[in-house]
S.K.: 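First the structure, which I've put down as structure tokens, then a few questions once you've had a look.
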Amino acid sequence: MSLTRQEVEKIAHLARLSISEQEMPIYVSSLSSIVDFVAELARADTGNVAPMAHPLVGLHQRLRGDVVTETDQHERYQANAPSVQAALYVVPRVIE
Amino acid sequence: MLHTLSIGALSDLLGRREVSSVELTRHFLARIERHDAALNSLITTTADQALAAAADADRRLQRGETGPLLGIPLIHKDIFCTEGVRTSCGSRMLDNFVAPYDATVVERLRSAGGVMLGKANMDEFAMGSSNETSYYGPVKNPWDISKVPGGSSGGSAAATAARLAPYATGTDTGGSIRQPAALTGITGIKPTYGRVSRYGIVAFASSLDQAGVFARSAADAATVLQAMAGFDPRDSTSVDVPVPDYAASLAQPLKGLKIGLLAEFFDGLEARNVALIEAALAVYRSLGAETVDVSLPHLPLSVPTYYVVAPAECSSNLSRFDGVRFGYRCADPKDLMDLYKRSRGEGFGPEVKRRIMTGTYVLSAGYFDAYYLKAQKARQLITDEFRAAFTQVDLLLGPTTPTPAFAIGAKVDDPITMYLNDIYTIGANLAGLPGLSMPCGSIDGLPMGLQLIGPHFAEARVLNAAHQYQLATDWHLQTPRGYE
Amino acid sequence: MADWEIVIGLEIHAQLATRSKIFSGAATAYGAPPNSQASLVDLAYPGVLPVLNAEAVRMAVKFGLSVGAKVAERSIFARKNYFYPDLPKGYQISQYEHPVVQQGSLAIVLDDGTVKTVGITRAHLEEDAGKSLHEGLAHASGIDLNRAGTPLLEIVSEPDMRSAKEAVAYMKKVHTLVRYLEICDGNMQEGSFRCDANVSVRPRGQAKFGTRAEIKNLNSFRFVEKAIQYEVARQIEIIESGGKVVQETRLYDADKHETRSMRSKEEANDYRYFPDPDLLPLEIDAGFIAEVRSTLPELPDEKAARFATQFGLSPYDAGVLSASRELGAYFEAVVAAVGAANAKLAANWVMGELSSALNRDGVEIGASRVAPSALAGLLARILDNTISGKIAKEVFESLWTDGSDADAIIAAKGLKQITDSGAIEAIIDEIIAANPKQLADYRSGNDKLFRFFVGQVQKATQGKANPAQVNDLLKQKLS
């Protein structure tokens with residue numbers, strides 16, 4: 001069951017990816033074949049097994065002590081930022 | 001010749017002050033200068049830093065300090081964050097990204113005295129099996145420069161195979177160390193998931209990624225893995241299990257070793273590939289090992305399973321690349337949506353975009369159960385079957401790749417054909433098992449690899465079995481023509 | 001005109017008062033210079049990984065235990081995927097199918113004194129996003145990620161509330177509770193305690209819920225009440241004129257006193273939740289829960305009940321005095337000094353003069369200018385008749401502005417009550433003699449003039465004459 005162009009556009013939008021007019025058919029085609037390929041999975045019988053969350057069995061999340069370990073490094077971190085003003089990262093206006 | 005020596009031999013020379021780290025470093029830098037234009041295995045060469053680090057290592061050596069990696073040059077796959085040095089992940093998205101910190105692996109090798117020569121080329125964001133998706137152009141296989149070296153760690157593999165460095169780091173998510181190791185005739189190991197810290201490795205698929213090493217022998221790989229492995233509190237998936245002495249167990253005899261042969265691996269395997277494996281089995285039997293036939297009935301689901309789970313995780317991991325805080329930003333974004341779409345659309349290459357979209361699709365409402373959840377169930381089944389097999393055998397043995405290195409450009413048009421390259425390697429990633437590939441012969445003049453897979457945290461046994469094979473054979477000593 | 005039933009559920013985001021962030025070691029202090037508290041993890045740099053803050057877990061468990069909820073033995077962190085500049089990873093680490101705190105409940109007291117139980121569906125841990133600032137940037141926004149990664153406890157109520165007032169009572173109760181537990185400072189201006197309200201209406205008797213609208217980021221009790229009232233009226237109006245309520249997210253405009261559409265929830269992203277592979281399942285065992293339980297303070301309801309029985313206070317007074325731990329502690333310190341028998345007097349003064357002074361000067365009880373011992377000292381002088389209640393207010397004002405103690409002020413200002421009957425009589429005689437007309441009027445039936453004479457006596461004695469004695473003696477002399 002191949003993907004339609006509309007579906008691919010919707011996915012591209014959700015993923016915030018611009019796809020040009022010329023490229024679109026190629027993506028529709030390759031994504032369709034990938035989806036068809038993995039659809040084999042949907043047909044397979046996996047019985048009642050629980051989905052795997054992690055390859056590490058029987059382990060649980062370690063907890064970290066509530067200590068401040070980081071210092072103000074914003075100048076260093078912002079050295080490569082595309083656009084910074086008054087230590088703020090600048091983006092086109094965010095409309096609520 | 002310095003570049004033909006093992007890490008152990010180099011360490012001896014350095015220890016006896018017969019060669020200095022600076023000399024060694026210059027030697028390899030000269031080789032890079034001479035050979036890498038043809039191979040394109042490096043994205044960044046860090047000559048000045050390397051010489052400074054080498055001088056530092058020499059001072060440590062002079063003070064009487066010892067260490068198996070002290071003063072020895074290496075190359076890092078460009079997926080490891082290296083402070084002050086560009087870390088591009090083979091992508092336009094990070095072409096201008098200078099990492100502000102070192103990955104744990106980088107830190108550990110640096111404190112062990114490793115001298116970084118540069119950052120290796122790779123498939124973009126580790127997505128690929130041929131190193132053809134890199135923004136910086138494809139890497140060539142030193143055995144035949146019209147052929148791919150494999151991927152995604154193609155640069156690390158090619159550089160090691162061409163003797164441009166004694167060893168190189170890589171990462172393996174679906175086979176990205178083992179497969180290129182096989183195609184370039186070197187040894188590559190992917191440890192157990194959680195054995196080596198992922199902190200500082202640009203994430204592709206978080207539950208599958210593992211850092212490992214390329215070297216020219218299992219013994220060398222053992223030395224490097226020793227320094228890389230171990231618990232890291234900065235990585236919640238890092239396991240707090242002691243690291244055994246890998247070198248110490250290399251010499252263990254293989255008498256009584258039970259080697260499992262997976263029916264699913266040999267099903268449809270090309271005759272010449274089968275012959276190479278049979279030859280390797282003969283060596284193992286002569287060393288005292290026995291073989292057992294085993295089967296993992298759900299293993300054929302591993303490729304589709306992987307191509308649901310890995311894209312799902314990467315679609316989320318790569319959302320941070322948005323042109324806001326670092327990396328590529330499109331010119332003159334007209335609004336926020338434009339900033340996101342064009343920065344990402346222009347910054348990422350087609351394979352990355354394909355995988356992000358596949359991942360977005362399988363996680364989306366209405367498809368989550370049929371794809372993602374199903375894939376995680378299949379993954380559990382595959383893992384359970386591996387575990388059951390390991391109650392009967394100590395190691396599994398099989399091919400690493402279906403064919404030798406293919407021509408550059410041969411498979412770029414159809415993603416599925418490319419994905420099927422990973423058919424033998426993916427299982428170990430899904431189950432988090434350690435896997436190693438080493439040279440076992442050639443087909444059409446190109447190297448072929450033999451794969452060993454062990455149970456969780458059995459790196460010592462895997463390396464031991466590989467080392468014993470390499471004592472009895474000399475495939476791993478062969479060098480591509482022109483790189484001797 | 002149909003009889004409408006209002007259905008409200010609240011989602012409260014309480015910022016947990018940890019020192020460092022939920023997944024990184026950056027500081028969480030409010031008001032720091034932009035991006036000075038944003039570590040590589042908070043900035044979502046390539047290669048970084050989250051590690052969970054133990055204190056955030058402890059605080060979540062504390063909350064769960066105090067609302068009688070089940071604490072999950074195993075809970076999972078999930079990624080909520082969407083793109084927004086204040087969300088650096090492009091996903092928020094939250095909890096989805098398996099939250100750390102499950103079903104619980106909270107009792108609220110309504111205006112008429114009735115008690116209602118509001119169900120709490122769940123509470124889960126997640127990380128806060130950064131902030132977008134717009135001032136001074138033409139056609140652009142500036143992103144400050146200091147707040148990104150601050151731990152939040154999202155508390156979701158059942159849709160059990162049936163009026164704006166009930167919603168406010170519930171919100172206040174949760175606010176009091178989280179401050180009691182010292183897991184959140186409850187500072188709504190600084191954004192540490194935020195509320196989203198899900199509001200819908202349905203014809204009374206209908207089982208099915210109506211379409212709801214979500215009103216976001218209500219950061220004061222007043223706004224919650226007003227926003228809900230506006231929204232209910234808006235929805236009823238739409239339905240009664242034949243329209244349909246759209247399921248959407250709305251913002252409350254405090255200046256215009258109305259809610260306006262923010263973005264349709266349909267358009268809102270498909271969040272593509274999946275378990276975060278960078279984090280392992282959070283396991284909490286019985287031992288940990290028991291240990292946290294042992295550190296729980298006396299909870300507000302427990303304290304109010306105890307005040308009522310131990311000190312004979314009305315439920316209302318007990319409720320007011322237990323609204324914060326500090327206030328309760330202050331009250332108890334005063335009672336300890338003046339004796340349980342005088343608890344009502346203490347209660348009146350704490351809820352009265354003291355609270356007025358605190359409010360007037362914008363001071364928290366912890367910074368009260370009159371310590372419990374000083375207030376107790378003042379009350380003692382009322383109890384032993386040294387001063388009247390009225391004069392005591394004057395003394396209190398001095399205590400508040402100048403410090404010192406009641407005795408010193410009484411002495412310095414000569415405020416001792418006049419209790420010498422002879423002296424009072426003498427003064428009364430003078431006043432009666434000076435006001436023959438009023439005397440005559442009073443004696444001919446104008447009872448209201450009694451107040452006049454009382455006033456005159458107090459004026460002549462600078463208010464120091466014992467009121468009871470003045471009353472008695474005046475009655476005698478005027479008749």
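Throughout, a chain's letter reflects where its sequence line sits, starting with A, and its residues are numbered from 1.
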S.K.: Quick check on A:Asp45 against chain B: is it the side chain, the backbone, both or neither that has a heavy atom closer than 4.5 Å?
M.R.: backbone

S.K.: With a 4.5 angstrom heavy-atom cut-off, could you sort out which part of B:Arg355 is near chain A: side chain, backbone, both or neither?
M.R.: neither

S.K.: Less than 4.5 Å to any heavy atom of chain A: does that hold for the side chain of B:Leu339, its backbone, both, or neither?
M.R.: side chain

S.K.: Under a 4.5 Å heavy-atom cut-off, does chain A meet the side chain of B:Asp384, its backbone, both or neither?
M.R.: side chain

S.K.: Count the heavy-atom pairs under 4.5 Å between each of B:Cys330, B:Ala378, B:Pro304 and chain A, then report the option with the highest count.
M.R.: B:Pro304

S.K.: What option among A:Ala79, A:Ser30, A:Ala12 has the most heavy-atom pairs under 4.5 Å with chain B?
M.R.: A:Ser30

S.K.: Can we call the ring centroids of B:Tyr371 and B:Tyr361 under 6.0 Å apart?
M.R.: yes

S.K.: Less than 4.5 Å to any heavy atom of chain A: does that hold for the side chain of B:Ala431, its backbone, both, or neither?
M.R.: backbone

S.K.: Whether the B:Asp172 and B:Asn429 side chains hold a donor-acceptor pair (N or O, under 3.5 Å, no angle test) is what I'd like checked.
M.R.: yes

S.K.: Which atoms of B:Leu430 come close to chain A, meaning under 4.5 Å heavy atom to heavy atom: side chain ones, backbone ones, both, or neither?
M.R.: backbone

S.K.: Please assess B:Arg325 against A:Gln78 for the test side chain to side chain contact (heavy atoms under 4.5 Å, CB included), listing each intermediate value before the final yes or no.
M.R.: CA-CA 7 Å; B:Arg325 299 166 310 292; A:Gln78 288 179 343; over 6 Å; no

S.K.: Using non-hydrogen atoms only, which part of B:Val309 is less than 4.5 Å away from chain A: side chain, backbone, both, or neither?
M.R.: neither

S.K.: For the side chain of A:Ser29 and the backbone of A:Pro25, is there at least one donor-acceptor N/O pair under 3.5 Å apart?
M.R.: no

S.K.: Return the orientation label for the B:Phe125 and B:Phe321 ring planes: parallel under 30°, perpendicular over 60°, tilted otherwise.
M.R.: tilted

S.K.: Is chain B contacted by the side chain of A:Phe37, its backbone, both, or neither, given a heavy-atom distance below 4.5 Å?
M.R.: both

S.K.: Out of B:Arg354, B:Arg342, B:His456, which one racks up the most heavy-atom pairs below 4.5 Å with chain A?
M.R.: B:Arg354

S.K.: Of the backbone (N, CA, C, O) and the side chain (C-beta and beyond), which part of A:Leu41 lies under 4.5 Å from a heavy atom of chain B, both, or neither?
M.R.: both

S.K.: Could you check whether B:Glu83 pairs with A:Arg76 (Lys NZ or Arg NE/NH1/NH2 to Asp/Glu carboxylate O, under 4.0 Å)?
M.R.: yes

S.K.: Under 4.5 Å heavy-atom distance to chain A, tell me which part of B:Arg379 shows up: side chain, backbone, both or neither.
M.R.: both

S.K.: Does any heavy atom of chain B fall under 4.5 Å from the side chain of A:Ile19, the backbone, both, or neither of them?
M.R.: side chain

S.K.: Can a donor-acceptor pair be found between the side chains of A:Gln61 and B:Ser236 at a distance below 3.5 Å?
M.R.: yes

S.K.: So which residue, B:Arg344, B:Lys341, B:Gln376, B:Lys377, ends up with the most heavy-atom pairs under 4.5 Å with chain A?
M.R.: B:Lys341

S.K.: Given heavy-atom pairs under 4.5 angstrom as the criterion, report whether the side chain, backbone, both or neither of A:Ala39 touches chain B.
M.R.: both

S.K.: Centroid-to-centroid, B:Tyr372 to B:Tyr367, below 6.0 Å?
M.R.: no

S.K.: Check the side chains of A:Thr4 and A:Glu7 for a donor-acceptor pair under 3.5 angstrom, ignoring hydrogens and angles.
M.R.: yes

S.K.: Using 4.0 Å as the upper bound for N to carboxylate O, is an ion pair formed by B:Asp240 and A:Arg62?
M.R.: no

S.K.: Of the backbone (N, CA, C, O) and the side chain (C-beta and beyond), which part of B:Ser315 lies under 4.5 Å from a heavy atom of chain A, both, or neither?
M.R.: neither

S.K.: I need the residue from B:Asn96, B:Leu318, B:Asp335 with the largest number of non-hydrogen atom pairs under 4.5 Å to chain A.
M.R.: B:Asp335

S.K.: Which region of A:Val84, side chain (C-beta onward) or backbone (N, CA, C, O), has a non-hydrogen atom less than 4.5 Å from a non-hydrogen atom of chain B, or is it both or neither?
M.R.: neither

S.K.: With a 4.5 angstrom heavy-atom cut-off, is it the side chain or the backbone of A:Ala15 that approaches chain B, or both, or neither?
M.R.: both

S.K.: Looking at B:Pro333, B:Pro233, B:Ser206, which one has more heavy-atom pairs under 4.5 Å with chain A than the rest?
M.R.: B:Pro233

S.K.: Using a strict threshold of under 4.0 Å (side-chain N to carboxylate O), is an ion pair present between A:Arg5 and A:Glu23?
M.R.: no

S.K.: Is the shortest heavy-atom distance from the side chain of B:Arg195 to the side chain of B:Pro434 under 4.5 Å?
M.R.: no

S.K.: Assess, by modelled atom type and distance only, whether the side chains of B:Ser197 and B:Ser238 contain a donor and an acceptor separated by less than 3.5 Å.
M.R.: no

S.K.: Checking B:Pro350 against chain A: side chain, backbone, both or neither under 4.5 Å from a heavy atom?
M.R.: both

S.K.: Who wins among B:His298, B:Glu346, B:Met337, B:Lys374 for the most heavy-atom pairs under 4.5 Å with chain A?
M.R.: B:Lys374

S.K.: Are the charged groups of A:Arg43 and A:Glu40 less than 4.0 angstrom apart, N to O?
M.R.: no

S.K.: With a 4.5 angstrom heavy-atom cut-off, which part of B:Tyr101 approaches chain A: side chain, backbone, both or neither?
M.R.: neither

